[in-house]
Amino acid sequence: MEENKVALVTGASRGIGRACALKLAENGYDVCVNYNSNSQKAEEVVAEIEKMGRKAIAVQADTSDLKAVQNMFREVTKTFRRIDVLVNNAGVVDDAYLLMINEDSLSKSLDINIKGYFHCAQAAALKMMKTGGKIVNISSVSSVLAVEGQGVYSATKGAVNSMTATLAKELAPRNITVNAVAPGFIETEMINAIPEDKREGYLKAVPSGRFGTAEEVAGVVAALCSDAFGYMTGQVLVLDGGLSL
Ligand code: NAP
C-alpha cells in the first residue's frame with residue numbers, strides 16, 4: 001500500500017501554521033502539528049485533520065532549542081517513517097523602535113525567527129537527502145518594506161529570504177526545493193494584538209482594502225508543495241494585497 005506524504009508545520013496550533021496544516025491535510029498529507037505552549041489548540045488541529053481521514057500528531061518543541069527540534073524529527077520519523085514537506089512558520093514579533101529594543105526580546109526574536117528556521121531546515125534536509133522534498137519558509141513583507149518599529153522583525157525576515165536562496169542552491173541537487181512566502185497583514189492573533197488605531201492605519205495602506213486570511217497564505221504554501229512548482233526554488237513570493245507596490 002502506498003504511504004501518504006508527510007508534512008511538518010511549525011507553529012501549527014494557531015494562525016497561518018494552523019491553516020497550512022489543514023490545507024496540506026486536505027491535499028492528502030499526514031501532518032505533524034508542532035506547537036510551543038498551546039497543546040489544547042494543537043490537539044484541536046490534530047482532531048480536525050483526523051476528521052479528514054488523515055493521520056496527525058501534535059509535537060511540542062520550542063524551535064529555538066536544537067535538541068527539542070531533533071527529538072521532534074525523531075518522533076515524526078518513528079510515527080510516519082518519512083517527511084516530504086517542512087513549513088517553517090513558527091515566529092514571533094515584538095515591535096520596538098531602535099532605542100527601545102530590549103536585549104531579551106532581541107535574543108528571543110533572533111533565536112526563534114532565524115535559528116529556529118535553520119534547526120528545522122537542517123533536521124528536515126537530513127531526512128530528505130535521499131527522497132527529495134519541499135521546504136517553505138514563512139517570511140514577511142517586512143523583509144522588503146521598511147516598517148517603523150520593526151527593525152528586529154524585518155532583519156529576521158530578511159535573514160529568512162537570504163537563507164531561502166542559499167539553502168535552495170545547496171539542496172537543489174538533492175531534489176529539495178526551498179521557497180519562501182512573504183505575507184503582508186494577515187488576520188491572526190499576531191495582527192489582532194496591534195492596537196486598534198494602528199491597525200486602522202495599516203489597513204488604509206493596503207491597496208486591496210483588507211487584511212489577508214491565513215487560508216490565503218496556506219493556499220500559496222500548498223501550491224509551492226505541489227508538482228506544479230517542482231522547478232521553482234529559492235524564490236520569495238510576496239502576498240500582501242499590493243502593500244509593497
Ligand atoms: P501567531 O498567530 O502568533 O501564531 C504563532 C504560532 O507559532 C503559534 O502556533 C505558536 O505556538 C508558534 N510558536 C511561537 N514560538 C514558537 C517556538 N519557539 N517554537 C514553536 N512554535 C512557536 O502567528 P501568525 O500570525 O500565524 O504568524 C505565523 C508566521 O507568519 C510567523 O513566522 C510570522 O512572522 C509570519 N507572518 C505573519 C503575518 C501576520 O500578519 N500575521 C504577516 C507576515 C508574516 P503556541 O500556540 O504553542 O504558542
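FYI, the numbering just counts along the sequence from 1. Order of appearance sets the numbers: ligands from 1, and atoms from 1 within every ligand. In what follows, every heavy atom counts, from backbone to side chain, and hydrogens, waters and symmetry copies are set aside. In this text the structure is predicted, and so the values were computed from the model without any measurement.
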A.B. asks: About how many Å separate CD of E44 and CD1 of I49, when rounded to the nearest 0.5 Å?
C.D. replies: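 Answer for the CD1-CD pair, I49 versus E44, is 12.5 Å.
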A.B. asks: Ignoring hydrogens and angles, tell me if any N or O in the side chain of D30 forms a donor-acceptor pair with the backbone of N4 under 3.5 Å.
C.D. replies: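 Pair absent, no side-chain N/O of D30 close to backbone of N4.
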A.B. asks: Whether the N38 and S13 side chains hold a donor-acceptor pair (N or O, under 3.5 Å, no angle test) is what I'd like checked.
C.D. replies: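 S13 and N38 do not have a side-chain donor-acceptor pair below 3.5 Å.
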A.B. asks: Tell me: protein heavy atom nearest atom 24 (P) of ligand 1, and distance?
C.D. replies: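 Looking only at protein heavy atoms, the one closest to atom 24 (P) of ligand 1 is T188 OG1, 3.7 Å.
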A.B. asks: Hey, looking at atom 3 (O) of ligand 1, which of Q60, K115, K108, R14 has the closest heavy atom?
C.D. replies: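 The nearest heavy atom belongs to R14.
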A.B. asks: With atom 17 (C) of ligand 1 as the reference point, say which of I186, N36, D65, V9 has the nearest heavy atom.
C.D. replies: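 Residue with the shortest heavy-atom distance to the ligand atom: N36.
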A.B. asks: Between A182 and ligand 1, which residue portion shows a heavy-atom distance shorter than 4.0 Å: side chain, backbone, both, or neither?
C.D. replies: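 Answer for A182: neither.
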A.B. asks: Check each atom of ligand 1 against the heavy atoms of F185 and keep those under 4.0 Å away; list them by number with element.
C.D. replies: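 Numbered from 1, ligand 1 contributes 40 (O).
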A.B. asks: Any sub-3.5 Å donor-acceptor pair from N179's side-chain atoms to G234's backbone N or O?
C.D. replies: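 Such a contact is found between N179 side chain and G234 backbone.
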A.B. asks: Checking S37 now: which residues fulfil side-chain contact (heavy atoms from CB on, under 4.5 Å) with it, not counting sequence neighbours?
C.D. replies: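 S37 satisfies side-chain contact (heavy atoms from CB on, under 4.5 Å) with no other residue.
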A.B. asks: Taking NZ, NE, NH1 and NH2 as the nitrogens, is one of them in K23 or E26 under 4.0 Å from a carboxylate oxygen of the other?
C.D. replies: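 The answer is yes: the pair qualifies as a salt bridge.
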A.B. asks: Below the 3.5 angstrom mark, is there an N/O of T63, backbone or side chain, next to an N/O of ligand 1?
C.D. replies: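 The answer is yes, given that T63 and ligand 1 share an N or O pair closer than 3.5 Å.
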A.B. asks: Measure from the side-chain N and O atoms of T164 to the backbone N and O of V178, and report whether any donor-acceptor pair falls under 3.5 Å.
C.D. replies: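 Not confirmed, T164 side chain does not pair with V178 backbone.
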A.B. asks: In the protein, what heavy atom is nearest to atom 18 (N) of ligand 1, and what distance, to one decimal place, separates them?
C.D. replies: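 Checking every protein heavy atom, the shortest distance to atom 18 (N) of ligand 1 gives D62 OD1, 2.9 Å.
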A.B. asks: Does a side-chain N-to-carboxylate-O contact under 4.0 Å join E189 and R18?
C.D. replies: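 Salt bridge flag = no for R18 with E189.
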A.B. asks: Side chain, backbone, both or neither: which part of K157 comes within less than 4.0 Å of ligand 1 when only heavy atoms are counted?
C.D. replies: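 Under 4.0 Å from ligand 1, K157 contributes side-chain atoms alone.
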A.B. asks: Any idea which atoms of ligand 1 are less than 4.0 Å away from a heavy-atom of Y153?
C.D. replies: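 Per the distance check, 33 (C), 34 (O), 35 (C), 36 (N), 43 (C), 44 (C).
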A.B. asks: Would you say N89's side chain and I138's backbone share a donor-acceptor pair under 3.5 angstrom?
C.D. replies: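 Judged by distance alone, no pair lies under 3.5 Å.
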A.B. asks: Give a yes or no on whether the backbone of N88 and the side-chain of Y117 come within a donor-acceptor separation of less than 3.5 Å.
C.D. replies: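 Side chain of Y117 to backbone of N88, a donor-acceptor pair under 3.5 Å: yes, one is there.
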A.B. asks: Please tell me if the side chains of L110 and T156 come closer than 4.5 Å, counting only heavy atoms from C-beta onward.
C.D. replies: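 They are in contact (side-chain heavy atoms under 4.5 Å apart), so the answer is yes.
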A.B. asks: Can you confirm, on distance only, whether ligand 1 has an N/O atom lying under 3.5 Å from any N/O atom belonging to I16?
C.D. replies: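 Yes; at least one N/O pair falls below 3.5 Å.
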A.B. asks: Given V141, I138, V181, which one has a non-hydrogen atom that is nearest to atom 35 (C) of ligand 1?
C.D. replies: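 Nearest option to atom 35 (C) of ligand 1, by heavy atoms: I138.
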A.B. asks: Hey, what do you get for CG (N113) to NZ (K157), rounding to the nearest 0.5 Å?
C.D. replies: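 Going from the CG atom of N113 to the NZ atom of K157 covers 5.0 Å.
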A.B. asks: Which residue holds the protein heavy atom closest to atom 21 (N) of ligand 1, what is that atom called, and what is the gap in Å?
C.D. replies: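 For atom 21 (N) of ligand 1, the nearest protein heavy atom comes out as A90 CB, 3.4 Å.
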A.B. asks: Out of I191, N89, I112, whose heavy atom is nearest to atom 29 (C) of ligand 1?
C.D. replies: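 It is N89 whose heavy atom sits nearest to atom 29 (C) of ligand 1.
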A.B. asks: Less than 3.5 Å apart, any donor N or O on the side chain of S64 or D62 sitting next to an acceptor on the other?
C.D. replies: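 Their side chains do contain a donor-acceptor pair, which is all the 3.5 Å distance test asks for.
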A.B. asks: Tell me the protein heavy atom at minimum distance from atom 42 (C) of ligand 1, and give that distance in Å.
C.D. replies: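 For atom 42 (C) of ligand 1, the nearest protein heavy atom comes out as G184 O, 2.9 Å.
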A.B. asks: Among all protein heavy atoms, pick the one closest to atom 45 (P) of ligand 1 and tell me residue, atom and distance.
C.D. replies: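 Checking every protein heavy atom, the shortest distance to atom 45 (P) of ligand 1 gives S13 OG, 3.4 Å.
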A.B. asks: What part of N34 sits under 4.0 Å from ligand 1 if we count only heavy atoms: the side chain, the backbone, both or neither?
C.D. replies: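 Contact part for N34 vs ligand 1: side chain (C-beta onward).
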A.B. asks: Record the part of Y202 in heavy-atom contact with ligand 1 below 4.0 Å; permitted values are side chain, backbone, both and neither.
C.D. replies: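 Contact part for Y202 vs ligand 1: neither.
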A.B. asks: With heavy-atom distances below 4.0 Å as the criterion, list the atoms of ligand 1 near G91.
C.D. replies: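 In order of numbering, the contacting atoms are 31 (C), 32 (O).
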A.B. asks: What protein heavy atom sits nearest atom 44 (C) of ligand 1, and how far away is it?
C.D. replies: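 Ranked first by proximity to atom 44 (C) of ligand 1 is S139 O, 3.1 Å.
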A.B. asks: Please identify which atoms of ligand 1 are closer than 4.0 Å to at least one heavy atom of N38.
C.D. replies: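 Selected atoms, number and element: 45 (P), 46 (O), 47 (O).
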A.B. asks: Where the closest heavy atom to atom 20 (C) of ligand 1 is concerned, which of G116, S39, A61, G11 has it?
C.D. replies: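 Residue with the shortest heavy-atom distance to the ligand atom: A61.
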A.B. asks: Answer yes or no for A214: is there a heavy-atom contact with ligand 1 below 4.0 Å?
C.D. replies: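 The answer is no, since A214 has no heavy atom less than 4.0 Å from ligand 1.
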A.B. asks: May I ask you to identify the nearest protein heavy atom to atom 43 (C) of ligand 1, giving residue, atom name and distance to one decimal place in Å?
C.D. replies: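 Here the nearest protein heavy atom works out to P183 O, 3.3 Å.
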A.B. asks: Heavy-atom count around Q122 CD within 6.0 Å, excluding the residue itself: above 12?
C.D. replies: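 Count not over threshold, so no.
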A.B. asks: Around atom 47 (O) of ligand 1, find the nearest protein heavy atom and jot down its residue, atom name and distance.
C.D. replies: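 The closest heavy atom on the protein side is S37 N, 2.6 Å.
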A.B. asks: For the residue pair Y202 and V206, establish whether any side-chain heavy-atom pair is separated by less than 4.5 Å.
C.D. replies: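 No, too far: nothing below the 4.5 Å cut-off.
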A.B. asks: Out of all atoms in ligand 1, which are within 4.0 Å of some heavy atom of Y117? Include the element for each.
C.D. replies: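 The list of qualifying atoms is 32 (O).
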